[in-house]
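Here is the structure we will look at.
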Amino acid sequence: MNQWIELEEKHGSGAYGNWPIAIEGGKGPYVWDSNGNRYLDLGAGIGVIGLGHANQDVALAISQQAQTLAHCINGYFANEIRAKFLQRLSQIAPGDLNRIFLTNSGTEAVEAAFKLARKHTGRTKIISMIRAYHGRSMGALSLTWRKDYRAPYTPLIPDIQHLPYGRIEAIEKVIDNKVAAVILEPIQGEGGIIVPPQGYLTQVRKLCDFHNTLFIVDEIQTGMGRTGGWFACDHENVVPDIICSAKMLGGGFPIGAMIMREELSFEKSKHGSTYGGNLMGCRAGLTVIEYMEKNNILEYVRKTGKEILSDLKMLTQNLNKVKEVRGRGFMIGIELNEPVMPYLKELFNNKILALSAGKKIIRLLPPLITPKKELNNAIDKIVEILK
Ligand SMILES: *Cc1c(COP(=O)(O)O)cnc(C)c1O
C-alpha cells in the first residue's frame with residue numbers, strides 16, 4: 001500500500017475512507033497519482049474545483065494575497081479585497097440580496113442562516129426536506145436528512161420537520177405562521193441529483209411570503225455556475241431571502257457565504273468568525289467571479305450541459321442497468337437499478353473519477369472548464385461500462 005494512505009489511515013480521524021491511490025497533483029480537469037497515472041476528475045474534488053485544478057489565475061491570486069496581507073481582523077478594520085469581494089458577490093446574487101456573512105465552509109453558511117432565521121422571525125420551527133444535505137455541524141446536521149449521519153449525535157435541534165422534496169402540497173399542509181424558515185437545495189445534490197418540477201421554487205417562495213417565513217436556498221453545491229446560472233434559483237427568477245454558498249466559491253480555497261436581503265442583516269456582534277472572509281479566500285473568490293465572466297463559463301456550462309445530458313439520456317435509454325439520467329448544467333446524476341460502487345471502481349480503472357450520491361446514483365460534477373471532447377470521451381466510457 002502507498003505510504004501516504006497508510007499514514008492517513010493511521011493518524012486520520014477515521015471518518016474518511018481512502019481509495020487505493022494518493023493524489024499528487026492536478027491541472028485543469030485532471031489529477032495524477034504518485035505512480036504517474038492521470039485521471040479525469042469528474043467529481044471536481046467533490047464539486048469544489050470549478051475552474052480546474054491548479055488554475056493559474058486562482059493560484060496567483062492566493063499567493064499574491066498571502067504575500068500582501070493574509071488576514072484582516074473582522075469587526076475592526078475594512079480591507080479593499082474583502083470589500084470588493086462582498087460587492088461582486090452581491091452583484092451576481094439574485095434580486096436584492098446584497099448583505100453577506102462570510103464563512104470558511106458550507107456548513108457554517110447554513111449555521112449562520114439557521115441562527116438568523118430564529119433571530120429575525122422569533123420562531124423556532126423549520127421545514128427541511130427528505131434527502132436534504134446541509135452539512136455536519138450540529139445545526140446543519142439537524143437540517144440534514146440521512147439517519148446514519150444524525151443518529152449518533154441525538155438529541156439534535158428540535159422543531160425541524162423533513163418533508164417530501166419537490167411536492168408543494170407537502171409544504172402547504174404544514175406551513176403556518178410559526179415556521180421560521182423553509183430550507184432546501186434547488187437541486188438535491190448528495191440526496192441523489194433530484195431535480196424538482198419546474199415552478200416548484202416559485203411556489204415555495206409564494207408560500208413563504210404568505211406566512212412571513214424565510215426562504216433559505218442552499219446553493220452550496222448548485223451555485224457559482226454549476227447548473228449554468230450563477231445560482232440555480234436564477235433559472236426560475238426566484239429571489240430567496242437567504243442563499244448559502246461555498247464549494248466552488250473559492251476555486252479550491254475554503255470560503256463560504258450566507259447572502260441575504262438588506263433587512264435581515266445582523267446587528268453588531270450578533271454573529272462572528274475569526275477566519276470567515278479571510279483575505280486569501282476573498283481574493284480567490286473575486287478571481288473566480290472575474291475568470292468566469294471573462295471566459296463566458298456560464299454560457300459554456302449551459303450549452304454543453306444540455307448537450308451532454310441529452311447525449312447521456314439517448315445513449316443509456318436502452319440499458320437495463322440505467323433507471324434515469326437527470327440534472328442540469330454540469331450537475332448530472334445517473335440512477336442505476338443496482339449498487340453503483342462496482343461501476344465507480346470500473347470507471348476508476350479507466351482513469352475516470354466520479355462520485356456517488358446515495359447507493360445507486362453516479363454523480364458527475366465536472367470542473368466547469370472541462371473540454372467538451374473530454375466529456376464526450378467520458379460519456380462513451382460510462383455507457384460502455386453500463387452496457
Ligand atoms: C457540501 C454541502 C454542504 C456542506 O458544506 P461543507 O463545506 O462540507 O461544510 C452543505 N450543503 C450542500 C448542499 C452541500 O453540497
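In listed order, ligands and their atoms are each counted from 1.
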Polar contact flag, side-chain donor to acceptor under 3.5 angstrom, Glu8-Tyr16: no

Quick one: nearest non-hydrogen protein atom to atom 5 (O) of ligand 1, plus distance? Gly106 CA, 3.3 Å

Shortest protein contact, atom 9 (O) of ligand 1 (heavy atom only): Thr107 N, 2.8 Å

Heavy-atom side-chain proximity of His271 to Phe101 below 4.5 angstrom: yes

If the threshold is 4.0 Å, N to carboxylate O, is there a salt bridge linking Lys321 and Glu338? no

Numbering the atoms of ligand 1 from 1, which are under 4.0 Å from a heavy atom of Gly135? 4 (C), 10 (C)

What atoms of ligand 1 come within less than 4.0 Å of a heavy atom belonging to Glu185? 13 (C)

Between Phe348 and Trp19, does the ring centroid distance fall short of 6.0 Å? yes

Contacts of Arg131 that satisfy salt bridge (Lys or Arg N to Asp or Glu O under 4.0 Å) - sequence neighbours left out: none

Protein heavy atom at shortest distance from atom 2 (C) of ligand 1: Lys247 NZ, 2.6 Å

At a 4.0 Å cut-off, with the gap strictly under it, does some heavy atom of Glu190 reach an atom of ligand 1? no

Under 3.5 Å, side chain of Arg326 to main-chain N/O of Gly192, donor-acceptor pair present? yes

Enumerate the atoms of ligand 1 whose separation from the nearest heavy atom of His134 is less than 4.0 angstrom. 10 (C), 11 (N)

Measuring from non-hydrogen atoms of Asp218 to any atom of ligand 1, is the shortest distance under 4.0 Å? yes

